[in-house]
Structures are given as C-alpha cells and as structure tokens.
Amino acid sequence: MLTIVVGHLGGNLTHGSGYLTNPIQIKEKIQFDPQAPIFAGVINPIFDQRCQSCHNPDKYKGELDLTSYEAMLKGGESGTSIVPGDLNNSEMIRRINLPLDDEDHMPPPDKSQLTIPEITLLTAWVARGADPDVMLSDLGATDTLVVLVEAITQDLVQDESSHDFDFASTKLVARS
C-alpha cells in the first residue's frame, strides 16, 4: 500500500497533479462571456487546460508561471514567454509551433496538445499585441481574433481526435 501512495505522490511531483487523469478527461468546452476580455475568457482558460499543470507557482517548470498575464510576460529560464506584437521573440509561440517530436515542443508529447485553432488564436493574439484587456466588442465581426474565438468557443471546428470514415467491409473482415 505504501508503494502505491509513494508512487502516486512521486508521479504528482514529477509529472504534475493530474498526470494520471489528464489523458482520460473530456476536454471542457470553454464558456466565453462576450463582455469579458479575450485573455480572461479564452486565452487564460487554454493555458489552464494545457499548460498550468506544469507552469504554476507550485511546480514552476523552466521557472515559468503561466497562471497570470504578468507572470507570462516575465517568462522563464528559456527567455521571454510572450513579447506583445513580436512572434519571433515570443518563446511560447516558438515552442507550440515546433514539431511534436522536437524536444523543445510544448506541451510535451505525453500531455494534452493544443489544437490548431488554439495555436492559431494564441499566435494571432500575441501578433496583435497580446492586449489582456481587448474585448470582442472592441473588434469588428470579421476580425481574426473574433473568428478564432467563436470557432473555439462554439465548437465550429471539428475535434481533431474524431474521425469520419466508413466501417470496414464485413466480407473483408471475414476473410482476415
């Protein structure tokens, strides 16, 4: 019994508190209040779902805390996490866009990955200046941020983990 408890606590210490349950949890749909700033309503919830299990004041991997806008601007041991308006010097944007097999890719391959719409939204938000106070109502209906926020929050983009394909032929299966 002691081995189970110590193993579990050790796993929490090295992999984060949700390392056993994160892969099997159903991703919560982000509920966005159009009267809330985009950062508080969509950007931070993405970090909460994908990044904050490792990058928080208690775990602090890479000396990076992604639990607040101010901490995000501070960055970590690898450099500035985000530089508003500067994608080339925003370490987070560089890492989320690396190939999955690159050792610097974030999140690590064993963690829940950002979706393409989430990566696109984060990249567009940083490119636009990473304003923590900008609201959808401040932007036009066809603005890139508005379209991306709506796609993520209204499930307009099909979940990449679902597949649309025909069932295998019963005759082919019977021959195998």
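Remark: the backbone N or O of Thr67 is not paired with any side-chain donor or acceptor of His55 at under 3.5 angstrom.
With values rounded to the nearest 0.5 angstrom, His105 atom NE2 is found 5.0 Å from Leu100 atom CG. Separating the CG atom in Leu145 from the OG1 atom in Thr120 is a distance of 11.5 Å, to the nearest 0.5 Å. Taking CG of Leu122 as the reference point, atom CD1 of Ile43 lies at 5.0 Å (rounded to 0.5 Å). Between the NZ atom in Lys61 and the CD atom in Glu77 there is a gap of 11.0 Å [rounded to 0.5 Å]. Put simply, CD1 on Ile82 and OG1 on Thr123 are 11.5 Å apart, with the number rounded to the nearest 0.5 Å. One finds the OG1 atom of Thr144 at 10.5 Å from the CG atom of Leu121 (value rounded to the nearest 0.5 Å).
Closest approach of Leu64 and Gly76 over heavy atoms only: CD1-N, 3.9 Å. When every heavy atom of Leu148 is checked against every heavy atom of Pro117, the shortest pair comes out as CD2-O, 4.5 Å. Closest non-hydrogen pair, Ala71 versus Ser68, comes out as N-OG, 3.1 Å. The two residues Gln52 and Asn44 come nearest to each other via the heavy atoms NE2-OD1, 3.3 Å.
Within the structure, every pair that satisfies the salt bridge (Lys or Arg N to Asp or Glu O under 4.0 Å) test and touches residues 90-99, not counting sequence neighbours, is listed here: Glu91-Arg94, Glu91-Arg95, Arg94-Asp104.
One hydrophobic cluster, built from ILVMFWY side chains closer than 4.5 Å, cannot hold both Phe47 and Val83; they sit in different ones.
Note on ring orientation: taking the six-membered ring where Trp is involved, the planes of Phe39 and Tyr69 are perpendicular (angle over 60°, cut-offs 30° and 60°).
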I'd like a table of donor-acceptor pairs (distance under 3.5 Å, sequence neighbours excluded) in which one partner is a side-chain atom from residues 127-138, with atom names and distances.
{"from": "Arg128", "atom 1": "NH1", "to": "Asp143", "atom 2": "OD1", "distance (Å)": "3.3"}
{"from": "Arg128", "atom 1": "NH1", "to": "Asp143", "atom 2": "OD2", "distance (Å)": "2.8"}
{"from": "Arg128", "atom 1": "NH2", "to": "Asp143", "atom 2": "OD2", "distance (Å)": "3.0"}
{"from": "Asp131", "atom 1": "OD1", "to": "Asp133", "atom 2": "N", "distance (Å)": "2.7"}
{"from": "Asp138", "atom 1": "OD2", "to": "Met135", "atom 2": "N", "distance (Å)": "3.0"}

Please assess Gln113 against Ile119 for the test side chain to side chain contact (heavy atoms under 4.5 Å, CB included), listing each intermediate value before the final yes or no.
CA-CA 10 Å; Gln113 297 298 304; Ile119 292 170; over 6 Å; no
Side chain to side chain contact (heavy atoms under 4.5 Å, CB included) assessment of Leu66 paired with Asn56
CA-CA 6 Å; Leu66 294 176; Asn56 63 68; over 6 Å; no
Tell me, with the steps shown, if Met106 and Leu98 meet side chain to side chain contact (heavy atoms under 4.5 Å, CB included).
CA-CA 8 Å; Met106 282 294 144; Leu98 288 171; over 6 Å; no
Could you check Met92 against Cys51 for side chain to side chain contact (heavy atoms under 4.5 Å, CB included), going step by step and ending with a plain yes or no?
CA-CA 11 Å; Met92 176 181 46; Cys51 312; 5.6 Å; no
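Annotation: side chain of Ile152 is not in contact with side chain of Val149 (no heavy-atom distance under 4.5 Å). Under the 4.5 Å side-chain criterion, counting only non-hydrogen atoms from C-beta, Thr153 is in contact with Val42. Using a 4.5 Å cut-off on side-chain heavy atoms (C-beta onward), Asp101 and Pro109 make no contact.
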